[in-house]
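Remarks on the structure that follows.
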Amino acid sequence: MPKPLTDQEKRKQISVRGLAGVENVSDLKTNFNRHLHFTLVKDRNVATKRDYYFALANTVRDHLVGRWIRTQQHYYEKDPKRVYYLSLEFYMGRTLQNTMVNLALENACDEATYQLGLDMEELQDIEEDAGLGNGGSGQENPHLISPSPPPVLSACFLDSMASLGLAAYGYGIRYEFGIFNQKIVNGWQVEEADDWLRYGNPWEKARPEYMRPVHFYGRVEHTPDGVKWVDTQVVLALPYDTPVPGYRNNVVNTMRLWSAKAPCDFNLKDFNVGGYIQAVLDRNLAENISRVLYPNDNFFEGKELRLKQEYFVVAATLQDIVRRFKSSKFGSTEVVRVDLSTLPDKVSGHPAERHPPSPDMGEGTVLVPLLKQKCCTKNRSPLPLTISFYMHLCVLPLSQAWDIVTRTCAYTNHTVLPEALERWPIDLFQNLLPRHLEIIFEINRRHLERIANLYPGDHDRLRRMSLVEEGDQKKINMAHLCIVGSHAVNGVARIHSDIIKATLFKDFYEVDPHKFQNKTNGITPRRWLVMCNPGLAEVIAERIGEDYIRDLDQLKNLLEFVDDDSLIRDIAKVKQENKLKFSAYLEEHYKVKINPNSMFDVQVKRIHEYKRQLLNCLHIITLYNRIKKEPNKNWTPRTIMIGGKAAPGYHTAKLIIRLITAVGDIVNHDEVVGDRLKVIFLENYKVTLAEKIIPASDLSEQISTAGTEASGTGNMKFMLNGALTIGTMDGANVEMAEEAGEENLFIFGMRVDDVDAMDKSGYDAMEYYNRIPELKLAMDQIAGGYFSPDQHDLFKDIVNMLLHHDRFKVFADYEAYIKCQDKVSALYKNPKEWTKMVIHNIAGCGKFSSDRTISQYAREIWGMEPSLERIPAPDDPRQ
Ligand SMILES: *Cc1c(COP(=O)(O)O)cnc(C)c1O
């Protein structure tokens, strides 16, 4: 077997990562040494690998600084409409390589580190992931707040907004602990704290001069002078800025994350010696707001701390938006004060305006409602909006304030799973944000008045559409609040947008059909191709040039070469190299040996019943039983890899991980099976691991129950990296099949209509179990302890669920899935046909660039025009 090129050798050959300007290399070396000396305060005798990483990161960061300042000056001078993207989650991954790629510095840095006797890849591996998110949504779709019409997105979106020259800001929370690190101990998931800031973060800059107060608790006083929110507790929001470079256009936008700080006088009211010590100790209580990311994916946990986090980011951000608006050429002076209502036209998401926040309200409170929309959008959790601020700050009548809110905000829905939708108990809300609750009640009153006028006598409709849900415990339905407070509402794939109109938000659609839109998600081709799969990026560039990196639709030009043997060979070769490299990585870091010539069959995503990792497990067990039965048949060897984190409180998801590891233990040690079937649980799936496994994958498992996965973005990453998809007609899979041709995907199973029909007729799992012998065998093995010899009933909860209360109908798709997998195995025996299908998929990927997604948000919701123009580079690129 030929030895694969190292990444270093590969980069020397390729152009997509920027040319190694010779003059650049010596400058880079000088600056690297300067940082080692002055910033790290080390010499090469005592410097550690981590010191070298920091020296390199600082060297690269220097190239951002001049562009960052210039971009912000440019925005000040041109005063374009701004987009504010608020999200509780930014799943950014690492920054060093992304910065080098977007600034075309990678080859030069590689050469410089090489000349210094260092291995750049090894240094890159020292960087911690910024894991400030749970999964796809935080990552690909941010929630945005946009200007007049604004909306939302996340890490891919930030990259695309900068690459498209939009004046965009990401706003979120600087969690001290991001998504937990997952360890597998005796087959079980164990969580460890993600102390990602321990060694410092070279990419952020604290801005204490822009600290803002955020108020909580207290009570409302209705006086002749107006309404006052008094006796509040104050927490300070301290911003940290991270640069977001566009792809080779000299644009550098800002992501601003807030950290909670207790005020100096926190709890110091009654000052005495004992009180003083305790008061200082108690500062932790206030600062807990930004301590840790809630690790739930598609699940709403109504904890007060979470509501505090949501309000914290919104209140701090709104104040910041108002401050910028007031100091902008447009917003300064009297204009704002007099006519706030121009905000939606000029400032996206900038609703704010006006003079100093009233101390009573806590600046920022107001716009919250607006923002919330945006926020809501993406994040699986809508923020609490509220309107109060507006009124207080702006001294506007509610109707005018609310009009600005709705013209400014847009709401993106990210899931239809009922358990994921935010519904805050009134009591909790009342205690934490009493004034905001009053305003929500008033908004609801006006909203219901309008509905009652439209549908006289239809009381059930009023109940269904209310922002306040009645019941044992009254709750605020945040999705309803978002719809009412937005001028645009969208889903994130065509099928999902259709479903919300037909089911979840049907009543709202009937009343305001013009609000509803679709914006199919996308991924950034910079991180998810150029960065993670340079070999493939280069093979493509050799055929069609490299403009496709900015304009992914050009991938369709590859179709010209679909029968070209040399392209087929090159694509297959890159895949094989990526597989070898990943095999070596697994062996080194996880001590497992796999067969790099087997099919890499991969399902990586959060562990959740709706994603149906259990269906994958049943296929594994079925394959195993078949191999055992006929060991001499010509089986297509597979290495099946499953990875993903379970929410720490989600018992079934944790048991699913245990089942996967248990099946792996039996299968992997069965000598009859040998290396024709291996089952690997990939520990601690995160962005950095995704960047390694996806380019090495042959088959991508996207097998959710039709109607449950809003879009998915993992599916798109695999498609762009030359894996074939086995999937249901769910989320963006539907559009992937449309773009690549349905014959080029392995589509199986129930469609949404079939699932709906089955919900009506009733789903009877036992019927499938009794009728399908291979299914029965697999279930009997799980239930009988075949995979858990030490504890026969270990999986009883899973067995019970699958047989008696499976909301996601795993058995109903079992037969179709197994048949479809048989087709996959057969095709894999024909590498040429397989690779041709891969080329059709890559060529059909254009639609799934987040550049396309963001352009549509910009034009159709935010009222902005994207642009591929560059802004001037700083004279000295290092300034
Ligand atoms: C892309 C991505 C996801 C989302 O995957 P889906 O298959 O769309 O659920 C989750 N986690 C990580 C680390 C990712 O990179």
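Remember, it's 1-based here, ligands and their atoms both numbered in the order they're listed.
- For a threshold of 3.5 Å applied to N or O pairs, the pair formed by Lys605 and ligand 1 contains at least one separation below that value.
- Using bins of under 30°, 30° to 60° and over 60° for the plane-to-plane angle, the ring pair Tyr817/Phe748 lands in the tilted bin.
- In terms of polar-atom proximity, defined here as any N/O pair under 3.5 Å, Lys686 makes no such contact with ligand 1.
- Between Gly714 and ligand 1, at least one pair of N/O atoms sits closer than 3.5 Å.
- In summary, the atoms of ligand 1 found under 4.0 Å from a heavy atom of Ala690, numbered by their order in the structure, are 15 (O).
- A cation-pi arrangement is absent between Lys605 and Tyr685 under the rule of less than 6.0 angstrom and at most 45 degrees off the ring axis.
- Among all heavy-atom pairs drawn from Leu745 and Ala740, the shortest one is CD1-CB, 3.9 Å.
- Across all their heavy atoms, Leu555 and Cys845 have their closest contact at CD1-CB, 3.8 Å.
- Arg606 does not count as a contact of ligand 1, since none of its heavy atoms falls under 4.0 Å from the ligand.
- In this structure, Arg174 forms a cation-pi arrangement with Tyr240, its terminal cationic atom sitting closer than 6.0 Å to the ring centre and no more than 45° off the ring axis.
- In this structure, Glu691 has no heavy atom closer than 4.0 Å to ligand 1.
- Here is the list of ligand 1 atoms found below 4.0 Å of a heavy atom in Gly712: 8 (O).
- Under the side-chain hydrogen bond (donor to acceptor under 3.5 Å, both in side chains) criterion, Ser598 pairs with Thr639, not counting sequence neighbours.
- Those atoms of ligand 1 that come under 4.0 Å of a heavy atom in Tyr685, given as number and element, are 11 (N), 12 (C), 13 (C), 14 (C), 15 (O).
- A donor atom on one side chain and an acceptor atom on the other are not found under 3.5 Å apart for Arg526 and Asn102.
- Residue Lys717 approaches ligand 1 through these ligand atoms, each under 4.0 Å from one of its heavy atoms: 1 (C), 2 (C), 3 (C), 14 (C), 15 (O).
- Near Gly136, meaning under 4.0 Å from one of its heavy atoms, ligand 1 places the atoms 3 (C), 4 (C), 10 (C).
- Annotation for ligand 1: atoms under 4.0 Å from non-hydrogen atoms of Thr713 are 1 (C), 4 (C), 8 (O).
- Remark: Lys847 engages Glu735 in a side-chain hydrogen bond (donor to acceptor under 3.5 Å, both in side chains) (not counting sequence neighbours).
- Annotation: Trp528 places no N or O atom under 3.5 Å from an N or O atom of ligand 1; distance criterion only.
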